[in-house]
Amino acid sequence: MRTVRALWGASHPGPALVVTALSLALGLAAGLEPWRVVVLVAAVLFGQLSIGISNDAIDRERDRAVGRRDKPLVRDEVSNRTAWTAAIGSVVVALALSVPLGWGMLLAHVITIGAGWAYNVGLKGTAASIVPFVVSFGLFPSLATLSAPEPELAAPFATLAGAALGSAVHLTNVLPDLDDDRATGIRGLPHRLGATASVLVAVAGVVVAALAVVVGGGADGVLPWLFFAAVVALAVAVVVRMRLRGPDRTGFRLVMAAALLLAVQLVVTAGVLAA
């Protein structure tokens, strides 16, 4: 059980659970049968576990160098070999679960997971560090629509919303680690932009995502605009929080909350997720 707990801690469980919850909401919004929703959620969860664990396995020595004692691998609670076995095993399970949902969903999931691994392996230290997030989050709504009996890509507005949110997620997630990253030779896009510009771009991404959902999803009545207002309020809260406290994890959590809120809106206004 100690090894399982350590692997769970190394998987970035918070973001993994949020992304998994997003897949549940999107599956419901796409009108999938219950069994398809269950398989979709399980596939996405294992895909996220593989990305999170591989990230910590790759960064183990970097994290050790900057004293990241919050990391199970840095505390030597699990070996690198075990971590890599778990990461690769999770990929296999994620893709095996994707097969019953169709070849289109399988291919989309391969690209989504591949983008996450590409970030971990090297893109995180380049000016293109945002690209894996744009690709994976942009394609993410299509995991649900491609899991339907008659598979199709998600509507363009959903793809735009996902890509914009992915940008915001990346920019806010990295901010608390800017100094540690620079000390270990990592210079991704947020490091080049700086904290202030990264926050502003992230907030713009959240607002673009909210506009895409409220307009593309069909703003029929007051409820969609209430969701829009709530998401914009979260975007403003990101700016306020960062100015008052500096870069910390709260800004990232607020962006993830906005993503969940937009997913709930898609469920409430279901029927428009597919192209």
Q: Does a sphere of radius 6.0 Å around CH2 in Trp103 hold more than 12 heavy atoms from other residues, nucleotides or ligands, not counting ones at 6.0 Å or beyond?
A: no
Q: When you group the ILVMFWY residues by side-chain heavy-atom contacts below 4.5 Å and let the links chain together, are Val239 and Leu234 in the same group?
A: yes
Q: So how far is it from Leu22 CG to Met256 CE, rounded to the nearest 0.5 Å?
A: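 One gets 6.5 Å once the value is rounded to the nearest 0.5 Å.
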Q: With side chains defined as the heavy atoms from C-beta onward, is the minimum distance between Met105 and Ser142 less than 4.5 Å?
A: no
Q: How close do Leu73 and Ala57 get, heavy atom to heavy atom, and via which atoms?
A: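 So the minimum-distance heavy-atom pair works out to CD2-CA, 3.5 Å.
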Q: Donor-acceptor pair, Thr20 side chain versus Val41 backbone, under 3.5 Å?
A: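 Judged by distance alone, no pair lies under 3.5 Å.
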Q: How long is the span from the CG atom in Leu97 to the CZ atom in Phe46, to the nearest 0.5 Å?
A: 7.0 Å
Q: Tell me if a side-chain donor or acceptor on Arg75 pairs with a main-chain N or O of Asp70 at a distance below 3.5 Å.
A: yes
Q: Kindly determine whether Arg36 and Ser147 satisfy side chain to side chain donor-acceptor pair (under 3.5 Å), including the steps that lead there.
A: CA-CA 7 Å; Arg36 291 180 185 274; Ser147 297; over 6 Å; no
Q: Which pair of heavy atoms, one from Ile186 and one from Arg62, lies closest together, and at what distance?
A: CG1-NH2, 3.3 Å
Q: Is it true that Leu26 and Val38 fall in one hydrophobic cluster, defined by side-chain heavy atoms closer than 4.5 Å?
A: no
Q: Hey, could you give me the OG/CG distance between Ser11 and Leu49, rounded to the nearest 0.5 Å?
A: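 Interatomic distance, Ser11 OG to Leu49 CG, rounded to 0.5 Å: 5.0 Å.
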Q: Mind running side chain to side chain donor-acceptor pair (under 3.5 Å) on Thr126 and Ser129 for me, showing each step along the way?
A: CA-CA 5 Å; Thr126 72; Ser129 62; 5.8 Å; no
Q: If you compare all heavy atoms of Ala263 against all heavy atoms of Ala25, which two are closest, and at what distance to 0.1 Å?
A: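 Smallest interatomic distance, heavy atoms only, reads CB-CB, 3.6 Å.
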Q: Using the side-chain contact (heavy atoms from CB on, under 4.5 Å) rule, take Leu7 and Glu77 through it: C-alpha gap first, then chi angles, then the decisive distance, then the call.
A: CA-CA 9 Å; Leu7 289 172; Glu77 293 179 5; over 6 Å; no
Q: Kindly compute the distance separating OG1 (Thr112) from CD1 (Ile51), expressed to the nearest 0.5 Å.
A: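 If we round to the nearest 0.5 Å, Thr112:OG1 and Ile51:CD1 are 8.0 Å apart.
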Q: Where do Val99 and Leu95 land on the side-chain contact (heavy atoms from CB on, under 4.5 Å) test, with the steps shown first?
A: CA-CA 7 Å; Val99 172; Leu95 298 183; 6.0 Å; no
Q: So do the side chains of Lys71 and Asp59 get within less than 4.5 Å of each other, counting heavy atoms only?
A: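 Answer no - side chains too far apart.
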Q: Taking all non-hydrogen atoms of both residues, which atom of Ala210 and which atom of Val231 are closest, and how far apart?
A: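 Where Ala210 meets Val231 most closely, the heavy atoms are CB-CG1, 3.7 Å.
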Q: Given the rule in the side-chain contact (heavy atoms from CB on, under 4.5 Å) test, do His12 and Asp56 qualify, once you have shown the distances and angles that lead to the verdict?
A: CA-CA 9 Å; His12 300 214; Asp56 273 20; 2.7 Å; yes
Q: Is the shortest heavy-atom distance from the side chain of Ile58 to the side chain of Trp84 under 4.5 Å?
A: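 Ile58 reaches Trp84 side chain to side chain.
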Q: Hey, could you give me the CZ/NZ distance between Arg187 and Lys124, rounded to the nearest 0.5 Å?
A: 15.5 Å
Q: Between Leu139 and His109, is any pair of side-chain heavy atoms under 4.5 Å apart?
A: no
Q: With Phe133, which residues qualify under ring-ring contact (aromatic ring centres under 6.0 Å, His included), at least two apart?
A: Tyr119, His170
Q: With a 4.5 Å heavy-atom cut-off, do Phe137 and Val169 have their side chains touching?
A: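 Yes, side chains in contact.
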Q: For the hydrophobic clusters of this structure (ILVMFWY residues joined by side-chain heavy atoms under 4.5 Å, transitively), does one cluster hold both Val37 and Leu17?
A: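 Shared cluster, yes.
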Q: What's the separation between atom CG in Leu189 and atom OG in Ser198, rounded to the nearest 0.5 Å?
A: 6.5 Å
Q: Applying the side-chain contact (heavy atoms from CB on, under 4.5 Å) test to Leu101, which of Leu146, Leu40, Leu143, Leu32 qualifies?
A: Leu40
Q: Locate the shortest heavy-atom distance separating Ala128 from Pro132; write the atom from each residue and the value.
A: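 So the minimum-distance heavy-atom pair works out to O-CD, 3.5 Å.
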Q: What heavy-atom pair brings Ala209 and Leu262 nearest, and what distance separates the two atoms?
A: CB-CD1, 3.9 Å
Q: Check whether any side-chain heavy atom of Val206 sits under 4.5 Å from a side-chain heavy atom of Val238, and report yes or no.
A: no
Q: Apply the test side-chain contact (heavy atoms from CB on, under 4.5 Å) to residues Phe228 and Leu211: give CA-CA distance (whole Å), side-chain angles for both, the deciding distance (0.1 Å), then the verdict.
A: CA-CA 7 Å; Phe228 174 78; Leu211 281 171; 3.5 Å; yes
Q: Do Ser23 and Phe140 touch side chain to side chain, with heavy atoms closer than 4.5 Å?
A: yes
Q: Going hydrophobic residue to hydrophobic residue with side-chain gaps under 4.5 angstrom, can you get from Val135 over to Leu123?
A: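 No, because Val135 and Leu123 fall into different hydrophobic clusters, even though each may have its own neighbours under 4.5 Å.
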Q: State yes or no: do Trp8 and Ile88 share one hydrophobic cluster built from I, L, V, M, F, W and Y residues joined by side-chain heavy-atom distances below 4.5 Å, directly or via other members?
A: no
Q: Could you check whether any side-chain heavy atom of Leu24 comes within less than 4.5 Å of a side-chain heavy atom of Val44, counting everything from C-beta outward?
A: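 Not touching, per the 4.5 Å side-chain cut-off.
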